[in-house]
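Everything on this sheet refers to the single structure shown next.
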Number of protein chains: 2
Amino acid sequence: MSNPVDSPGPPEDLTGADGVDAALESVEQQLSLFWRRARSVSQQLSRQVHPDMEPAAYGLLTIIRREGPMRLTDLASCVGVGKPSVSRQIAFLESIGLIFKEADPVDGRAQSIRLTPRGEEKMHQVQDARNQVFRERLGEWPVSELETLARYIAKLNSTYERDGFPKDESKRDQAQ
Amino acid sequence: MSNPVDSPGPPEDLTGADGVDAALESVEQQLSLFWRRARSVSQQLSRQVHPDMEPAAYGLLTIIRREGPMRLTDLASCVGVGKPSVSRQIAFLESIGLIFKEADPVDGRAQSIRLTPRGEEKMHQVQDARNQVFRERLGEWPVSELETLARYIAKLNSTYERDGFPKDESKRDQAQ
DNA sequence: CAACTGGGTTGCTCATGGCAACAATTCTAG
DNA sequence: CTAGAATTGTTGCCATGAGCAACCCAGTTG
């Protein structure tokens, strides 16, 4: 923002803040639109791949699977929502046998949430199906673009991280 | 339950599709995370810029502003949600005096939705404030990345378009 | 022991959106 | 010209997901 960089590649030679402003506006609008559409798409997708699997639940499961057993609070803070929501989701997932809660031997209050074998299995199926759908939608994209997109969104996500979520306690700061 | 959706041995020809697969998975995960986080961020943002302005309403207003007066159905299809949702949002926006509905002289059923002067004014304020917030968050990004991000998300959005939304036109009530 | 802290759950409410059913209007046959 | 189809927008009912507050239970500390 401070420095009008001589971009070697792209020819967008807009001077500093102007270009940033325009670009920010584009990002904002596209993001806003995407956010709104994403709901129906995500529900649709979830219903395709597995009717039992709620869209929100899938996100939790991927994290648990990727990060290994973790406590509910960590999970909540990782996904960026409050504990109550996660608690309910987890309760549901436990009720259908995809995860189980294991008491932490060290800390009696805490609990390790982990996938059951059936959960692992289902995740395989669902991820397969999801991958297929995504490939139908984005398969024609050049790999480099996909990678870039993933990287940028990850960057976006990490940007949100440093600002704090309604984490229910400790950091319930309300940006004012 | 038994498993009605098992796809037994689909041709897993990963002929060079490995990279695509991995990239798709990244995109999927980041998108999933983003979608989940975006809600709280968006609400937070909306509350900052203007407490009266619901997150969803803002999206509608930007579109109306950009595209000019339009009918409710077009608006709904443009934003990718059903008519009922938009109808309610619009009713709310009208109740707080940001838009008004003008009867179409040609088609008695239709109505042109347009911004009131007050709506224009408020949009200015809100957009200013939003821009500021976005700049705080993304201002350090190189312009080229912002532009690329915007372009990719736009591409993503257009990808969804061709697939159709729950547009509510497809299935109609079957007569008296 | 009591008091405090931190992990998780539950009750209530809100925001958003879908589907179905509806009223009002226009269009299209016969 | 009139009956039925189609379209525009509205409303009722319900589902999902999330937040806040209040609560319970286990550990920690004095």
Side-chain angles (χ1 to χ4, degrees), chain A residues 35-44 46-47 51 53-60 70-77 79-95 101-113 165-172 174, chain B residues 32 35-44 46-47 51-60 70-77 79-92 94-95 101-113 165-176:
Chain A
W35 175 72
R36 195 114 187 227
R37 287 184 175 173
R39 179 173 314 196
S40 71
V41 173
S42 138
Q43 281 176 355
Q44 200 173 310
S46 287
R47 232 154 260 159
M53 179 83 77
E54 315 270 319
Y58 174 77
L60 294 183
M70 60 198 308
R71 291 174 313 164
L72 190 144
T73 304
D74 295 339
L75 189 52
S77 107
V79 83
V81 298
K83 284 188 298 179
S85 305
V86 176
S87 175
R88 282 181 256 256
Q89 289 287 347
I90 289 300
F92 168 73
L93 288 174
E94 191 183 23
S95 81
K101 296 185 267 192
E102 189 180 39
D104 186 329
V106 193
D107 191 339
R109 306 164 293 181
Q111 57 195 24
S112 257
I113 298 165
F165 289 106
K167 264 196 252 202
D168 176 292
E169 47 229 278
S170 47
K171 281 253 204 68
R172 201 181 41 216
Q174 62 304 337
Chain B
S32 162
W35 176 71
R36 194 113 187 229
R37 286 183 175 175
R39 180 175 312 197
S40 71
V41 172
S42 138
Q43 281 177 356
Q44 202 172 308
S46 287
R47 231 156 262 158
D52 304 353
M53 180 84 77
E54 315 272 319
Y58 174 76
L60 294 183
M70 58 198 309
R71 291 174 313 161
L72 191 145
T73 304
D74 294 339
L75 190 52
S77 109
V79 83
V81 298
K83 286 187 297 180
S85 306
V86 176
S87 175
R88 281 181 257 259
Q89 289 287 345
I90 288 300
F92 168 73
E94 191 183 24
S95 81
K101 297 186 268 192
E102 190 179 38
D104 186 328
V106 193
D107 191 338
R109 306 164 293 183
Q111 57 195 24
S112 255
I113 298 165
F165 288 107
K167 265 199 271 245
D168 149 312
E169 324 284 317
S170 31
K171 46 166 26 169
R172 258 193 23 79
D173 96 7
Q174 279 312 39
Q176 300 113 319

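Quantities reported herein were computed from a predicted structural model and do not represent experimental measurements. Chain letters run A, B, ... following the sequence lines, proteins first, then strands; residues in each count from 1. What's counted below: heavy atoms across the whole structure, side chains too, no hydrogens, waters or symmetry copies.
Relative to the side chain of Val81(A), the nucleotides dG8(C), dA18(D), dT10(D) differ in distance, and dA18(D) lies closest. Set against dT16(C), dG8(C), dT11(D), the side chain of Gln89(B) has dT16(C) as its closest nucleotide. With distances taken from any side-chain atom of Pro84(A) to the nucleotides dA21(D), dT10(D), dG9(D), the minimum falls on dA21(D). Among the nucleotides dT10(D), dG27(D), dA24(C), the one closest to any side-chain atom of Arg109(A) is dG27(D).
Within the 4.5 Å cutoff, the side chain of Ser46(A) has no heavy atoms near those of the Tyr58(A) side chain. Inter-residue side-chain proximity for Gln111(A) and Glu102(A) is flagged as unmet; no heavy-atom pair is nearer than 4.5 Å. Side-chain contact between Leu60(A) and Glu54(A): absent, with no pair of heavy atoms (C-beta onward) separated by less than 4.5 Å.
No donor-acceptor contact under 3.5 Å links the side chain of Arg71(B) to the base of dT8(D). Scanning atom types as modelled, one donor and one acceptor separated by under 3.5 angstrom connect the side chain of Arg88(B) and the base of dG18(C).
Annotation: the span from Leu72(B) atom CG to Ile90(B) atom CD1 amounts to 6.0 Å, rounded to 0.5 Å. Rounding to the nearest 0.5 angstrom, the gap separating the OG atom in Ser112(B) from the CE atom in Met70(B) is 9.5 Å. Annotation: the span from Arg71(A) atom CZ to Asp104(A) atom CG amounts to 8.0 Å, rounded to 0.5 Å.
Protein atom CZ of Arg39(B) is 13 Å distant from nucleotide atom P of dA15(C), rounded to whole Å. Rounded to whole Å, the distance from CZ on Phe92(B) to P on dT11(D) is 15 Å. Between Leu60(A) atom CG and dT16(D) atom P there is a gap of 15 Å when expressed in whole angstrom units. Look at CD on Gln44(A): it is 16 Å from P on dT16(D), rounded to the nearest Å. As a whole-Å value, the separation of Arg37(A) CZ from dT16(C) C1' is 17 Å. Rounded to whole angstrom, the span from the CD atom of Glu54(A) across to the P atom of dG18(C) amounts to 16 Å. In this entry the distance linking CG of Leu93(A) with P of dG8(C) reads 16 Å, nearest Å. Counting to the nearest Å, the C1' atom of dG7(C) and the CD atom of Glu102(A) are 16 Å from each other.
Among the heavy atoms of the strands, none lies under 4.0 Å from Gln43(A). Within the 4.0 angstrom heavy-atom criterion, only backbone atoms of the sugar-phosphate kind lie near Arg36(A); the bases stay farther away.
Of the two residues contacting DNA chain C, namely Met70(A) and Trp35(A), the nearest-nucleotide position lying further toward the 5' end is that of Met70(A). Mapping Ser85(B) and Asp104(B) onto DNA chain C by nearest heavy atom places Ser85(B) at the nucleotide closer to the 5' end. Toward the 5' end of DNA chain D, the nearer of the two residues Gly108(A) and Ser87(B), judged by each one's closest nucleotide, is Ser87(B). Heavy-atom distances to DNA chain D give each of Asp107(A) and Asp74(B) a nearest nucleotide, and the one nearer the 5′ end belongs to Asp74(B).
For Lys83(B) and dA20(C), the shortest distance from a side-chain N or O to OP1 or OP2 is not below 4.0 Å.
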